[in-house]
Trainee: 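Sharing a structure here in structure tokens format.
Just so you know, these numbers come straight off a predicted model, no measurement behind them. Start at 1 with the first residue, then count along the sequence. Counting starts at 1 for both ligands and their atoms, in listed order.
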Amino acid sequence: MSARWTTAVLDPQITGGLAVARSPEGFLVDDNGALFPRDWLKRQDLDVLCEHGIGHFDGQPVFLLELRSATDVPGCSWRGLRAFMLEGDSDTYKVLGYAAQIGTWAREHRFCGSCGQAMTQIRWERAMYCQPCDLRSYPRISPSMIVLVTRGDEILLARSPRFVTGVYSTLAGFAEPGESAEDCLVREVREEVAVEVQNIQYIGSQCWPFPHSMMLGFHAEYAGGEIVMQPDEIEDAKWFSVHDLPPLPAGRSIARYLIDLYVARRLGCDIPAFPS
Ligand SMILES: NC(=O)c1ccc[n+]([C@@H]2O[C@H](COP(=O)([O-])OP(=O)(O)OC[C@H]3O[C@@H](n4cnc5c(N)ncnc54)[C@H](O)[C@@H]3O)[C@@H](O)[C@H]2O)c1
Ligand SMILES: [Mg+2]
Ligand SMILES: [Zn+2]
């Protein structure tokens with residue numbers, strides 16, 4: 001959330017306000033951005049799957065129109081969330097990041113996971129409900145650990161085959177049932193590079209709506225082992241000097257913050273601001 005944006009469960013029966021439209025192609029945008037007058041948007045020929053009231057932007061209610069498919073709207077185009085993360089202002093990115101997670105959840109929880117019947121939208125909380133099962137499904141959040149492993153002036157960075165060419169980043173991975181955050185971190189580092197760590201320190205967290213990760217960021221010191229890369233997951237991993245770093249992840253990512261923070265401390269430079 002930000003000073004301009006707060007989340008809320010709003011009843012779609014009320015009229016007016018602002019709205020965003022999200023399809024599998026991304027968010028609808030025109031020259032003014034992704035937030036449209038809602039009444040105008042609802043008059044367009046959109047393939048609406050469902051509508052959710054998601055919060056207030058500058059005091060105005062905001063709704064999400066989750067669409068089955070992207071249709072042509074004159075003067076508009078479709079833009080993926082990643083582009084807003086890379087280039088958009090942080091207030092808009094917060095609204096759209098939240099809208100994307102609500103849209104993903106709404107799309108994937110239309111039917112009860114227990115009995116398979118259609119679920120209904122609860123009006124007063126963010127949940128889908130199955131009456132026969134008395135089951136509520138809330139938006140899914142997936143805790144993921146992300147860690148910068150360091151050895152004096154060196155930092156351990158790796159590449160996944162999914163990354164942009166040349167970019168190296170910190171190690172990350174999803175928590176499994178039964179694990180603490182620290183257990184997960186130790187396991188992920190072992191699995192991905194076969195290295196042991198010590199002095200694990202929590203730094204901060206970040207919502208990562210691709211599609212529903214909650215990144216918990218840590219710093220850890222190298223404790224032993226030689227790098228052995230996990231087949232398929234890790235394409236390359238090595239120690240880089242803080243004086244000679246490869247291309248790094250996007251400025252808004254906690255991965256980049258963990259790297260910038262350590263490098264700044266090591267070189268005695270100004271501490272970077274936490275990404276918003
Ligand atoms: N914000 C950042 O700075 C930053 C940086 C790196 C990674 N990330 C995110 O961290 C997450 C984990 O990173 P990773 O790719 O190294 O993960 P990972 O090492 O766990 O490997 C990904 C694999 O985990 C499995 N998986 C996918 N979704 C899952 C879920 N919800 N729960 C459990 N397992 C799941 C799949 O088999 C997938 O191939 C991803 O969402 C990634 O986008 C964020
Ligand atoms: Mg990983
Ligand atoms: Zn059910």
Trainee: What part of M145 sits under 4.0 Å from ligand 1 if we count only heavy atoms: the side chain, the backbone, both or neither?
Mentor: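 Neither part.
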Trainee: If we only look closer than 2.8 Å, how many protein N, O or S atoms does the Mg ion (ligand 2) have near it?
Mentor: 2
Trainee: Measure Q206 to ligand 1 on non-hydrogen atoms and call it side chain, backbone, both or neither using the 4.0 Å cut-off.
Mentor: side chain
Trainee: For atom 34 (N) of ligand 1, which protein heavy atom lies nearest, and how many Å away is it?
Mentor: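 Among all protein heavy atoms, the one nearest atom 34 (N) of ligand 1 is F174 CD1, 3.6 Å.
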Trainee: Indicate yes or no: does an N/O atom of W208 lie under 3.5 Å from an N/O atom of ligand 1?
Mentor: yes
Trainee: If you have a sec, work out which protein heavy atom is nearest atom 4 (C) of ligand 1 and how many Å separate them, to one decimal?
Mentor: I146 CD1, 3.7 Å
Trainee: Is the side chain of Y222 donor-acceptor paired with the backbone N or O of G225 at a distance under 3.5 Å, no angle test?
Mentor: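 Confirmed, Y222 side chain pairs with G225 backbone.
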Trainee: Compute both the distance and the angle, then confirm whether R79 meets the cation-pi test with F27: under 6.0 Å from the six-membered ring centre, within 45 degrees of the axis.
Mentor: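 R79 over F27 ring: no.
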Trainee: May I ask you to decide if the ring planes of Y168 and F240 are parallel, tilted or perpendicular, using 30° and 60° as cut-offs?
Mentor: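 The arrangement is perpendicular - the two ring planes meet at more than 60°.
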Trainee: With a 6.0 Å cut-off (strictly less than), is the heavy-atom count around CZ of R123, excluding the residue itself, greater than 12?
Mentor: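 No.
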Trainee: Test your reading of the structure: does A175 have an N or O sitting under 3.5 Å from an N or O of ligand 1?
Mentor: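 No; the residue has no nitrogen or oxygen that sits under 3.5 Å from a nitrogen or oxygen of the ligand.
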Trainee: Please give me the protein atoms (N, O or S only) lying under 2.8 Å from the Zn ion (ligand 3), ordered by chain and number.
Mentor: C112 SG, C115 SG, C130 SG, C133 SG
Trainee: Evaluate E192 for polar contact with ligand 1, using N/O atom pairs at a separation under 3.5 Å.
Mentor: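 In this structure, E192 places an N or O atom under 3.5 Å from an N or O of ligand 1.
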Trainee: For atom 17 (O) of ligand 1, find the nearest protein heavy atom and state the residue, atom name and distance (0.1 Å precision).
Mentor: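 Ranked first by proximity to atom 17 (O) of ligand 1 is G173 CA, 3.7 Å.
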Trainee: Which one of R162, M215, E233, R252 has a non-hydrogen atom at the shortest distance from atom 9 (C) of ligand 1?
Mentor: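 Minimum heavy-atom distance to atom 9 (C) of ligand 1 goes to M215.
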Trainee: So, H52 versus E66: side-chain donor-acceptor pair below 3.5 Å or not?
Mentor: no
Trainee: With a 4.0 Å heavy-atom cut-off (strictly under), which part of A255 contacts ligand 1: side chain, backbone, both or neither?
Mentor: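 It is both parts that get close, each with some atom under 4.0 Å.
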Trainee: Name the closest protein heavy atom to atom 31 (N) of ligand 1, giving the residue it belongs to and the distance to 0.1 Å.
Mentor: S142 OG, 3.2 Å
